[in-house]
Amino acid sequence: MFCSQCGQPMTATDSFCGRCGARSTGDSRGALLQSIATALSPLPQLELVWGRKADLEISNELANANWGTGKKKVEYSACLKLDPASQTVYFWEMIKESGRGLMALFSFKTETYRTDGTTRSGTVREKAYGPGGKVIDYEWDYSQVRHIIEVAVRAQGWRFETVLLKGKASY
């Protein structure tokens, strides 16, 4: 069990979170956040942040390379907000690439995807080599995190909605 406010592990007998002091409510919202955290646990590369700007923020640094003449960073971000009144989870995600300077000497990127207007499915794989050898090597499945969360949400009887604007999935 985890605190629904900060994500701190808790036992079923804890009345309050030892980190943030939040009361353990055992409500459906807390149970849903617990279920999502458990479902995402097989992906240890994901960083989960609880209750800061959304009910749950998810991030993963796919690549962060500096080869002297250039830099490149690729990050995955997602957030979700629970609306207990409508029993709906609003989910937003994106991949952001940033860089500067000269690109790597050799770069190989393959991307296959499809979109339905609100969601993107497919994979991206990139390898890049700089003066000192391999500087970037990652593969990402666009729908992996979204699918895991959607299954966990629907299993708890909540609705799942992907949104295009981050503001709809955060406070």
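Atom CG of Leu32 sits about 5.0 Å away from atom CG of Leu82, to the nearest 0.5 Å. Note that the OG1 atom of Thr110 and the NZ atom of Lys127 stand 10.0 Å from one another [nearest 0.5 Å]. Going from atom CD of Gln144 over to atom CD1 of Ile149 covers 10.5 Å, rounded to the nearest 0.5 Å.
Contact annotation: the side chain of Trp140 approaches that of Val145 to within less than 4.5 Å [non-hydrogen atoms, C-beta and beyond]. Considering only heavy atoms from C-beta on, Asp55 stays 4.5 Å or farther from Trp50 through its side chain.
One hydrophobic cluster, built from ILVMFWY side chains closer than 4.5 Å, cannot hold both Val163 and Ile148; they sit in different ones. One hydrophobic cluster holds both Leu46 and Ile95 under the rule that ILVMFWY side chains link at heavy-atom gaps under 4.5 Å. Taken together through direct or relayed side-chain contacts under 4.5 Å among Ile, Leu, Val, Met, Phe, Trp and Tyr, Val124 and Leu43 form part of one hydrophobic cluster.
With side-chain heavy atoms closer than 4.5 Å counting as contact, directly or through intermediates, Met103 stands alone and belongs to no larger hydrophobic cluster. Other members of a hydrophobic cluster containing Val49 are absent, since no ILVMFWY side chain comes under 4.5 Å of it, directly or through relayed contacts. Within the hydrophobic cluster formed by Ile, Leu, Val, Met, Phe, Trp and Tyr side chains joined at under 4.5 Å, directly or through other members, Phe108 is accompanied by Leu105, Phe106, Tyr129.
Nearest heavy-atom pair, Gly68 versus Asn66, reported as atom, atom and distance to 0.1 Å: N-OD1, 3.1 Å. For Ala39 against Ala152, the heavy-atom pair with the smallest separation is CB-CB, 4.1 Å. Closest non-hydrogen pair, Ala65 versus Ile136, comes out as CB-CG1, 3.6 Å. Smallest separation of non-hydrogen atoms from Thr119 and Thr115: O-OG1, 2.8 Å.
By the salt bridge (Lys or Arg N to Asp or Glu O under 4.0 Å) test, Lys81 pairs with no residue at all, sequence neighbours left out. Listed by chain and residue number, Tyr76, Arg146 satisfy the side chain to side chain donor-acceptor pair (under 3.5 Å) test with Glu93 (two or more places apart in sequence, or in another chain). Listed by chain and residue number, Asp116 satisfy the side chain to side chain donor-acceptor pair (under 3.5 Å) test with Thr118 (two or more places apart in sequence, or in another chain). With sequence neighbours excluded, the residues satisfying salt bridge (Lys or Arg N to Asp or Glu O under 4.0 Å) with Glu126 are Lys72. Applying the salt bridge (Lys or Arg N to Asp or Glu O under 4.0 Å) rule to Lys73 yields the partners Glu61, Glu75; only residues at least two apart in sequence or on another chain are considered. Applying the salt bridge (Lys or Arg N to Asp or Glu O under 4.0 Å) rule to Asp137 yields the partners Arg125, Lys134; only residues at least two apart in sequence or on another chain are considered. In this view, Lys109 and Glu97 satisfy the side chain to side chain donor-acceptor pair (under 3.5 Å) rule, not counting sequence neighbours.
Annotation: side-chain hydrogen bond (donor to acceptor under 3.5 Å, both in side chains) contacts involving residues 150-159, sequence neighbours excluded, comprise Gln87-Trp158, Thr88-Arg159, Glu150-Arg154. Listed by first and then second residue, the ring-ring contact (aromatic ring centres under 6.0 Å, His included) pairs involving residues 79-103 are Phe91-Phe160 (not counting sequence neighbours).
In terms of modelled atom types and a separation under 3.5 Å, the side chain of Thr38 and the main chain of Gln34 share a donor-acceptor contact.
Among the candidates Glu57, Arg52, Met94, the single residue satisfying the side-chain contact (heavy atoms from CB on, under 4.5 Å) test with Cys79 is Glu57.
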